[in-house]
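Quick notes on the structure that follows.
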Amino acid sequence: MTISTFEKIITSFLFGALFLFITIVFYSCKSEEDVITDPGNNNNQTKAIISGQVVDQATGFPVDSALVRIFANKFNTIIYTAADGQFAYQGEVNLNEDLLVLTYKQNYKLDSTRVVVTNIQTVNVPQIRLKEISGGGTTVSGDPVSIWLAGITSTVIGVKESGSEETTRITFVVQDSAGIPVDEDHSVVVNFSIGAGPGGGEFLSPYSVETNAQGLAAVNLTSGTKAGTVQVIARITHLSKVISSIPVGVTIHGGMPDFDHFSIAPVKLNFPGYNIFGLTDEIVAFVGDKYANPVRPETAVYFTTTGGIIEGSTLTDEQGIGSVELISALPKPVHDTLGVGFATITASTIDENSVTISRETIVLFSGIPQISVTPTNFDIPNKGSQSFQYYVGDQNGNPLAGGTSVSVNIQGTDVEVAGDISFTIPDTQSPGWTQFGFVAYDTNDSVNVKPAIIRISADGPNGAAFVTISGTSR
């Protein structure tokens with residue numbers, strides 16, 4: 001046994017003995033979990049939540065399963081930390097009472113912390129930073145053979161000037177063949193690099209660092225102006241052999257909304273909601289930051305409408321997109337310029353200066369199908385023709401919803417029609433899709449007066465309608 005090893009054992013023994021001695025002293029006064037009655041004034045007594053966190057002094061990482069002993073006037077208790085280093089206990093305390101908190105874990109030095117009760121409902125113990133016994137006890141490492149991710153403060157950061165955290169700290173651990181972190185005698189220099197990234201000026205600092213007594217080496221990744229995924233790689237060189245870590249992924253999200261990168265659009269420009277209630281049209285918002293990145297996920301966008309009703313808000317996804325449903329209902333929309341049936345949908349959000357920015361879009365609530373034709377009768381001369389103009393739209397002079405099929409047919413002998421006689425109306429708000437025309441003509445050069453009927457029909461999301469006119473051909 002070496003002198004160094006012997007000293008470490010003696011040190012551990014002495015700290016354990018000290019912990020046992022303090023425990024015995026307090027146990028001689030009161031037993032664990034026992035409440036000691038006090039015939040005095042209890043007006044300042046209540047059950048308080050006593051909580052805190054235990055972390056490693058060198059790395060800042062939470063210490064799991066550390067023993068925490070709390071000594072108070074009315075109780076003493078033993079609890080253990082959770083995986084995140086947190087502990088909590090509910091016990092009766094007095095205002096201005098002095099609490100003693102002892103914390104211990106194998107291979108760490110015993111910690112003694114005193115806390116004065118200033119709030120009889122919540123007692124926050126200052127963060128307890130346990131110091132690891134140098135060298136991790138009696139364990140001595142071998143040469144480095146692998147490097148792994150030991151911890152990361154955040155896997156998601158925001159772009160520069162986004163209002164989000166812009167830097168994350170990534171810690172790697174170098175281990176020997178037995179999985180033991182390398183000690184100071186086997187320390188190596190770790191070099192860091194970006195394997196892949198959005199190329200927006202993101203950078204690492206420092207680019208190289210030597211491992212400490214626990215085999216740890218840390219690097220900071222700071223974002224640039226572009227969103228995306230960054231891969232950070234750590235490498236060491238030992239005996240001319242390069243050893244690399246698995247790439248560590250960090251997501252860079254976009255910043256706050258920017259007016260020049262904010263837009264909205266309806267899925268359907270025209271839906272048959274003027275007379276039919278309960279129909280829906282999806283309204284989609286596209287939100288980017290000032291660098292043209294999608295804004296950070298769950299950015300709120302708010303909506304209003306001048307016609308029907310609309311879901312009040314949505315949260316953006318990873319692509320900066322969010323949507324709500326516009327529902328046909330009262331009030332029926334009337335636009336100051338475009339007229340009856342046109343509704344204004346407004347989307348709003350907050351930019352980086354805490355200013356509300358808004359965008360608008362127009363949706364047409366089309367109504368009941370209407371058809372009219374001019375002239376309303378005809379007499380087609382032998383081998384001659386007759387021209388017709390007709391209207392297909394709703395009662396407000398607006399086009400019908402996309403998908404409406406329109407057809408013109410003629411019944412008679414030796415007569416045919418040509419022109420706008422069979423087509424489907426697209427998703428449109430243009431009045432140009434309400435006016436159409438066709439020609440009816442006689443195909444036989446013999447003079448023979450014959451009756452004929454022309455039928456114009458429309459069928460689609462708004463409903464069905466038709467009109468017929470009668471005449472002759474010669």
Salt bridge (Lys or Arg N to Asp or Glu O under 4.0 Å) assessment of Glu161 paired with Lys290: CA-CA 10 Å; Glu161 301 174 357; Lys290 62 185 178 182; 2.8 Å; yes

Working for side-chain contact (heavy atoms from CB on, under 4.5 Å), residues Glu202 and Ile194: CA-CA 9 Å; Glu202 60 277 2; Ile194 295 177; 4.0 Å; yes

side-chain contact (heavy atoms from CB on, under 4.5 Å) evaluation trace for Val159 with Thr225: CA-CA 5 Å; Val159 296; Thr225 59; 5.8 Å; no

Glu166 vs Lys160, salt bridge (Lys or Arg N to Asp or Glu O under 4.0 Å): CA-CA, chis, key distance, verdict: CA-CA 6 Å; Glu166 298 175 16; Lys160 181 181 178 182; over 6 Å; no

Verdict with reasoning, Arg114 to Asp98, per salt bridge (Lys or Arg N to Asp or Glu O under 4.0 Å): CA-CA 7 Å; Arg114 287 193 173 275; Asp98 190 19; 3.2 Å; yes

Test ring pair (Phe, Tyr, Trp, His ring centres under 6.0 Å) applied to Tyr80 and Phe87, step by step: CA-CA 7 Å; Tyr80 292 89; Phe87 65 89; over 10 Å; no

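Here the closest non-hydrogen pair linking Ile78 and Arg69 is CD1-NH1, 2.8 Å. Across Pro144 and Ile236, no two heavy atoms sit closer than the pair CB-CD1, 3.9 Å. The minimum heavy-atom distance between Ile128 and Val125, with the atom names listed, is CD1-CG1, 4.1 Å. The minimum heavy-atom distance linking Thr81 with Ala66 is given by the pair OG1-N, 2.8 Å. Closest heavy-atom contact between Glu360 and Thr346: CG-OG1, 3.6 Å. The minimum heavy-atom distance linking Asn119 with Val123 is given by the pair O-CG2, 3.8 Å.
The environment of Gln57 atom CD is dense: over 12 non-hydrogen atoms of other residues, nucleotides or ligands sit within 6.0 angstrom. Taking a 6.0 Å sphere around OH of Tyr291, one finds it holds more than 12 heavy atoms contributed by other residues, nucleotides or ligands. Atom CD of Gln395 is surrounded by more than 12 heavy atoms from other residues, nucleotides or ligands within 6.0 Å.
Taking the centre of each ring, Phe271 and Phe365 come in below the 6.0 Å mark.
For the pairing with Thr316, the side chain to side chain contact (heavy atoms under 4.5 Å, CB included) check across Ile321, Thr299, Thr349 returns one residue only, Thr299. Under the side chain to side chain contact (heavy atoms under 4.5 Å, CB included) test applied with Ile283, the options Thr314, Val267, Leu326 reduce to a single match, Leu326. Of the options Leu279, Val340, Leu364, Asn462, a side chain to side chain contact (heavy atoms under 4.5 Å, CB included) to Tyr274 is made by Val340 and by none of the others.
Annotation: side chain of Phe277 is in contact with side chain of Lys332 (closest heavy-atom distance under 4.5 Å). Contact annotation: the side chain of Ile49 never approaches that of Tyr89 to less than 4.5 Å [non-hydrogen atoms, C-beta and beyond]. Between Ser245 and Arg235 there is no side-chain heavy-atom pair separated by less than 4.5 Å. Side-chain contact between Val232 and Leu204 is present, with heavy atoms from C-beta onward closer than 4.5 Å. The shortest distance between side-chain heavy atoms of Leu99 and Val117 falls below 4.5 Å.
Looking only at distances, a side-chain donor or acceptor of Glu97 sits under 3.5 Å from a matching main-chain atom of Asn73. At least one donor-acceptor pair under 3.5 Å links the side chain of Thr306 to the backbone N or O of Thr344.
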